[in-house]
Visitor: 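Quick one: the structure is below, and I'll ask about it shortly.
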Amino acid sequence: KGGEGTTYAWNHVGADYAHVDGDGGPGYFTKYDPLKVTFDPNGGVLKPGDEYTLITVDEPVGKLPVPTLDGHVFDGWFTAPSGGEKVTEATVVETEVTFYAQWTSAPAGQCVVTFDPVDGTVDIRVFVRDTYQNARIEVGKDEQPLAVELSDGTTMKGTVVYENTNDVGYVNFNVDSRTSLSNALAVADVMRDGTLDCLAPETTPHITLKGRLAVDPKHAKENDLSGTVAFERGSLFSVPLRNADGAFRFKGSDVTLTNVVAQAPRGGSVSGNAHISIPDFKQERASFAVNVSCRDVTLTDIAETFHVDSGNRSGKITADLTLTGPLATNVVSRLGGKGHIECREGHLAQMNLFAGLTDYLARKVPGISGVVNLTGGTMDYVMTNGVAYVSSVKVEGDLFSIQGRGVYDIPHDNLDFTVRVTFTKKESVLGRLSTPIRLPFGLLSKMLLDFRIQGSVDNPTWTYNKNLMDRLK
């Protein structure tokens, strides 16, 4: 009674009815009308749909949701944000009410993974041999693996067996998970110090793992855990990937990634492998070695990955690269490696890197900038301590080509190259048609221009060799 918007004050008058007084006057509700019980996560997060439940008067609240809060342990539901009485599944509700989650900060160095209640088997065996107490705890069976849903809605399935023999403990895994990498590492209690931050799935990964880990780091050399990881979107060593798939092995204190295949965001393929070494599990001593092959990856993707200008962003890259370095701070200044890079179908003359040459030619021959283009090129280099020593770089267009060598200091974004510009590439049509444009230069097709390139990649200075310019007078 009372209609929509009526406010009621409740009091009981019998087993089947509740008397209410409100704006619409006195009335009666049967005890079978639903009551709304609201759950306030108190800073945490609930799964969608767990924010409230509907029950009837004088009935237990029933199953309670499980919220999560980073860095905290869930203490339960209470009748107040702090203090109050603890709520259980047997708590009887007589009126609409709000229950509040309460939390305790997790101890330093620990990661909390919250599971929803699950049904399964746990086999615990303890026995004594001499002065040692040995134990085996088996969660789930191979023939009947334990399936759990984490509080964030992701899942894990499999078996985990803890064995302690003569005070030496190991954990054996046979797990198939569709949860975050951080959750998977927390369950395995391994490499939660940021060592694997180089692998960053943005979507929930599919991870399988099988093998064993030593409980005591003193026995880490006996670690042997292998599996696969796949995700729809993410990155590896800051390289953006789509539909990535690969295998891994955690042996001793080293991690190896093999058979990694993926797509670049705008097309093209990426493949390779990586090795991460973590001596004595000391993150400050961790290092990596990566081999990457790219096929027909867009220049745009490459430019965005390394935060450099790419002209009008057309062009495709094929490359074979090797990179080595530490996983600690100051990574760039300690990078090593080598590589071969090819670009085709590009508009490289529009890149800031070549603006100095284009401007110089435009000053000498009005109108030439309209036909200048550099469509492709190659580069070979070796790198030590973040400095790339380029033994050969060649960039070609229909009107002229560039060849040179030099050094690029990556940490300081500083180029120092010498290059030679040769007019007309082979017998291109544009090269033949450009003869009238070249007239102010005399027989420019037979001339060479030498330049020194210095400065940053996005704003370099092109300085010509004046001795050679005498030929143009």
Side-chain angles (χ1 to χ4, degrees), residues 1-107 110-122 124 139-140 144 146-157 179 183 186-187:
K1 294 177 62 177
E4 182 178 355
T6 301
T7 301
Y8 296 105
W10 289 76
N11 57 81
H12 289 282
V13 296
D16 295 324
Y17 295 91
H19 179 271
V20 294
D21 293 308
D23 298 336
Y28 291 89
F29 270 80
T30 71
K31 74 173 186 177
Y32 304 107
D33 290 319
L35 298 177
K36 184 177 181 180
V37 176
T38 303
F39 297 99
D40 185 335
N42 199 12
V45 178
L46 285 166
K47 289 192 299 184
D50 280 352
E51 296 87 356
Y52 70 90
T53 187
L54 298 175
I55 64 172
T56 53
V57 177
D58 287 337
E59 292 291 331
V61 67
K63 183 178 179 180
L64 300 169
V66 181
T68 59
L69 177 61
D70 288 346
H72 291 76
V73 177
F74 176 54
D75 293 332
W77 293 103
F78 293 79
T79 56
S82 62
E85 298 180 2
K86 188 167 186 177
V87 177
T88 69
E89 293 184 359
T91 298
V92 175
V93 175
E94 299 178 348
T95 185
E96 295 190 343
V97 66
T98 297
F99 295 137
Y100 301 86
Q102 293 188 14
W103 307 91
T104 299
S105 297
Q110 291 191 12
C111 179
V112 179
V113 178
T114 305
F115 294 89
D116 281 347
V118 297
D119 294 325
T121 61
V122 177
I124 302 177
V139 180
Q144 189 179 1
L146 187 69
V148 299
E149 179 180 340
L150 280 69
S151 56
D152 60 4
T154 57
T155 61
M156 300 183 75
K157 180 176 69 175
T179 188
N183 278 348
V187 171

Visitor: Are more than 12 heavy atoms, taken from residues, nucleotides or ligands other than Glu85, located less than 6.0 Å from that residue's CD atom?
Guide: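 Counting neighbours around CD of Glu85, 12 or fewer heavy atoms of other residues, nucleotides or ligands fall under 6.0 Å, so no.
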
Visitor: Determine whether Pro67 and Trp77 make a side-chain contact, defined as any pair of heavy atoms from C-beta on separated by less than 4.5 Å.
Guide: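 Sidechains of Trp77 and Pro67: in contact.
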
Visitor: Measure the spacing between OG1 of Thr56 and CD of Glu94 and express it to the nearest 0.5 Å.
Guide: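 It is 12.0 Å, given to the nearest 0.5 Å.
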
Visitor: In this structure, which one of Thr98, Leu64, Val87 forms a side-chain contact (heavy atoms from CB on, under 4.5 Å) with Phe39?
Guide: Leu64

Visitor: Just verifying a value: how many Å separate Thr38 OG1 and Tyr100 OH, rounded to the nearest 0.5 Å?
Guide: 9.0 Å

Visitor: Using every non-hydrogen atom in the two residues, find where Val93 and Val97 come nearest and quote the distance to one decimal.
Guide: CG1-CG1, 4.1 Å

Visitor: Counting only N and O atoms by type, is there a donor-acceptor contact under 3.5 Å from the side chain of Gln102 to the main-chain atoms of Gly83?
Guide: yes

Visitor: Is Glu59 reaching over with its side chain to a backbone N or O of Val57, donor-acceptor style, under 3.5 angstrom?
Guide: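 No, Glu59 side chain to Val57 backbone: no donor-acceptor pair under 3.5 Å.
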
Visitor: On a heavy-atom basis, which atom in Asn42 and which in Ala101 lie closest, and how many Å separate them?
Guide: ND2-O, 2.8 Å

Visitor: Looking at every non-hydrogen atom in both residues, tell me the closest pair between Lys86 and Gly76 and how far apart they are.
Guide: CE-CA, 4.3 Å

Visitor: How many angstroms lie between OG1 in Thr53 and NZ in Lys36, if you round to the nearest 0.5 Å?
Guide: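 NZ of Lys36 is found 11.0 Å from OG1 of Thr53.
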
Visitor: Identify the two heavy atoms, one from Lys63 and one from Glu89, that lie closest to each other, and give their separation to 0.1 Å.
Guide: CA-OE2, 3.7 Å

Visitor: Does Phe99 reach the side chain of Phe78, with side-chain heavy atoms less than 4.5 Å apart?
Guide: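 No; the side chains remain at least 4.5 Å from each other.
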
Visitor: Leu46 and Pro65: which non-hydrogen atoms are nearest, and at how many Å?
Guide: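 Distance-wise, the nearest heavy atoms are CD2-CB, 4.0 Å.
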
Visitor: So how far is it from Thr154 OG1 to Lys47 NZ, rounded to the nearest 0.5 Å?
Guide: 9.5 Å

Visitor: Describe, in one word, how the ring planes of Trp103 and His72 are oriented to each other, choosing from parallel (under 30°), tilted (30 to 60°) and perpendicular (over 60°).
Guide: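 Ring orientation of Trp103 relative to His72: perpendicular.
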
Visitor: Using a distance-only test with no angle check, is there a side-chain donor-acceptor pair under 3.5 angstrom linking Thr104 and Asp75?
Guide: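 Result is yes, a qualifying pair exists.
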
Visitor: If every non-hydrogen atom of Val61 is compared with every non-hydrogen atom of Thr88, which pair is closest and at what distance?
Guide: CG1-O, 3.2 Å

